[in-house]
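Remember, it's a predicted structure, so these values are computed and weren't measured experimentally. One is the number of the first residue; the rest follow in order along the sequence.
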Amino acid sequence: MKIHLIDGTYELFRSFYGVPSAVAGDGMEVGATRGLLRSLAAMLRQQDVTHVAIAFDHVIESFRNDLFAGYKTGEGVDPLLMAQFPLAEEASRALGIVVWPMIEFEADDAMATGAARWCESSDVDQILLCSRDKDLAQCVRGNRVVMLDRMNQQIMGEQQVIEKWGIPPAAIPDYLALVGDSADGIPGIPRWGAKSASAILAAYGSIEAIPADESNWSVKIRGAKPLADNLRGMSNEAKLYKILTTLRTDVPLTETVSDLRWRGARHAELTAFCHRIDEAGTMERITAYAD
């Protein structure tokens, strides 16, 4: 079997900026929710989609905000988008999909936990992390745990991660800690860029293994001395950034693999929900109902 773990936050953002605005009868903006509902309904019609869960950032802030004041917050997110997170979770439940609404952790942490928990299960052939979020690349394992870009139907396995970033999946947190990640508010270490970080991490695998003295580096890097000086002078910051960029695999998910089996939409819930957001067309796209 295949397990599809969906990044609901990414999907809702993509829908918000990719589909037309729509207002329900009560005056609430529901365009992104409608788009997500249709997209998920289409996905559930695919033959190999049998076990599914979707994770949302129920609130944007997480435990990482307690560790670093500069970490991303909900500030600047369009209020019309923020208001649709509860609707998106409700829509997913009505479709019969297991929903993970994250508060202390992030959606990516839930997906990372699911991947780590079930990737070695004998009855699981593949886990597909449905997202384009580069943070999730650290979870890729060969072709057993892969990323799926649903829009372009492109799979990214371990070889593709190496081709794109020049490092194996396990080094992605170190890479992001060095170069920074503006989407998450992580500044990185000054002067470290994609080329230097990839070259050094390809040689040493982790920040901790990088020799403090650049004269001991086994690869020649342009501007090695200021790179080494900055990393040495900001070693505590680098360690913190790595903690921030490392996805957690200990989220207390209660489901088993069998709980993720899609048994059909919840007819009464979906009917009422579609009526509320004026989206009757989705009902015609559902192939099975659990009740």
Side-chain angles (χ1 to χ4, degrees), residues 1-12 40 43-44 46-60 62-64 67 85 88-89 92-93 95-150 155-162 167-176 184 205-206 242-264 290:
M1 79 174 71
K2 293 182 179 181
I3 297 177
H4 288 76
L5 303 179
I6 306 169
D7 184 346
T9 298
Y10 167 77
E11 293 285 349
L12 189 62
L40 293 177
M43 180 180 181
L44 293 170
Q46 298 174 19
Q47 190 172 4
D48 66 341
V49 178
T50 59
H51 293 71
V52 192
I54 187 167
F56 289 96
D57 292 305
H58 190 71
V59 295
I60 300 298
S62 69
F63 76 92
R64 292 179 175 87
L67 299 177
F85 272 85
E89 293 176 15
S92 301
R93 289 192 187 93
L95 284 171
I97 299 173
V98 169
V99 177
W100 294 328
M102 294 293 103
I103 296 177
E104 178 185 356
F105 298 94
E106 296 182 44
D108 289 354
D109 295 313
M111 296 170 70
T113 297
R117 181 179 298 180
W118 296 311
C119 69
E120 298 301 328
S121 298
S122 59
D123 52 349
V124 175
D125 299 315
Q126 191 177 51
I127 297 177
L128 296 100
L129 304 173
C130 303
S131 178
R132 294 180 62 184
D133 190 336
K134 59 185 174 296
D135 294 349
L136 286 163
Q138 65 190 266
C139 303
V140 171
R141 299 292 180 269
N143 288 313
R144 190 170 180 83
V145 179
V146 300
M147 294 178 67
L148 170 63
D149 178 350
R150 292 207 307 122
I155 295 284
M156 178 177 285
E158 189 159 348
Q159 186 57 41
Q160 288 74 36
V161 171
I162 294 172
I167 52 175
I172 291 293
D174 302 81
Y175 174 89
L176 295 175
D184 288 341
S206 69
K242 183 174 177 178
I243 291 172
L244 297 173
T245 58
T246 300
L247 297 182
R248 295 278 292 269
T249 57
D250 59 346
V251 177
L253 306 177
T254 60
E255 290 80 8
T256 64
V257 169
S258 62
D259 292 329
L260 269 57
R261 174 176 286 280
W262 186 69
R263 294 173 170 81

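No donor-acceptor distance shorter than 3.5 angstrom exists from the side chain of Trp100 to the backbone of Met111, with no hydrogens or angles considered.
Looking only at side-chain heavy atoms (C-beta outward), Thr245 and Tyr175 stay at 4.5 Å or farther from each other.
Considering only residues two or more places apart in sequence or on other chains, Asp184 meets the salt bridge (Lys or Arg N to Asp or Glu O under 4.0 Å) condition with Lys72. Residues satisfying the side-chain hydrogen bond (donor to acceptor under 3.5 Å, both in side chains) test with Arg150, not counting sequence neighbours, are Glu11, Ser39. Qualifying salt bridge (Lys or Arg N to Asp or Glu O under 4.0 Å) partners for Asp125, counting only residues two or more places apart in sequence or in other chains: none. With sequence neighbours excluded, no residue forms a side-chain hydrogen bond (donor to acceptor under 3.5 Å, both in side chains) with Asp108. Not counting sequence neighbours, Glu158 has no partner by the side-chain hydrogen bond (donor to acceptor under 3.5 Å, both in side chains) test. In terms of the side-chain hydrogen bond (donor to acceptor under 3.5 Å, both in side chains) criterion, Thr249 has no residue partners (sequence neighbours excluded).
Nearest heavy-atom pair, Ala110 versus Leu253, reported as atom, atom and distance to 0.1 Å: O-CD1, 3.7 Å. The heavy-atom pair separating Leu129 from Ala115 by the smallest distance is CD2-CB, 4.2 Å. Listed here is the closest heavy atom pair of Gln138 and Ile172: CB-CB, 3.9 Å. The shortest non-hydrogen separation linking Gly157 to Val140 is C-CG1, 3.4 Å.
If you take CE on Met147 and CG on Leu128, they are separated by 11.0 Å, rounding to the nearest 0.5 Å. Taken to the nearest 0.5 Å, the CZ atom of Arg132 stands 9.0 Å off from the CE atom of Met156. In this structure, the separation between CG on Leu148 and CG on Asp7 is 12.0 Å, given to the nearest 0.5 Å.
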Using the side chain to side chain contact (heavy atoms under 4.5 Å, CB included) rule, take Ile54 and Leu40 through it: C-alpha gap first, then chi angles, then the decisive distance, then the call. CA-CA 10 Å; Ile54 187 167; Leu40 293 177; 4.1 Å; yes
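Residue Ser62 forms a side-chain hydrogen bond (donor to acceptor under 3.5 Å, both in side chains) with just one option from Glu106, Arg248, Glu104, and that option is Glu106.
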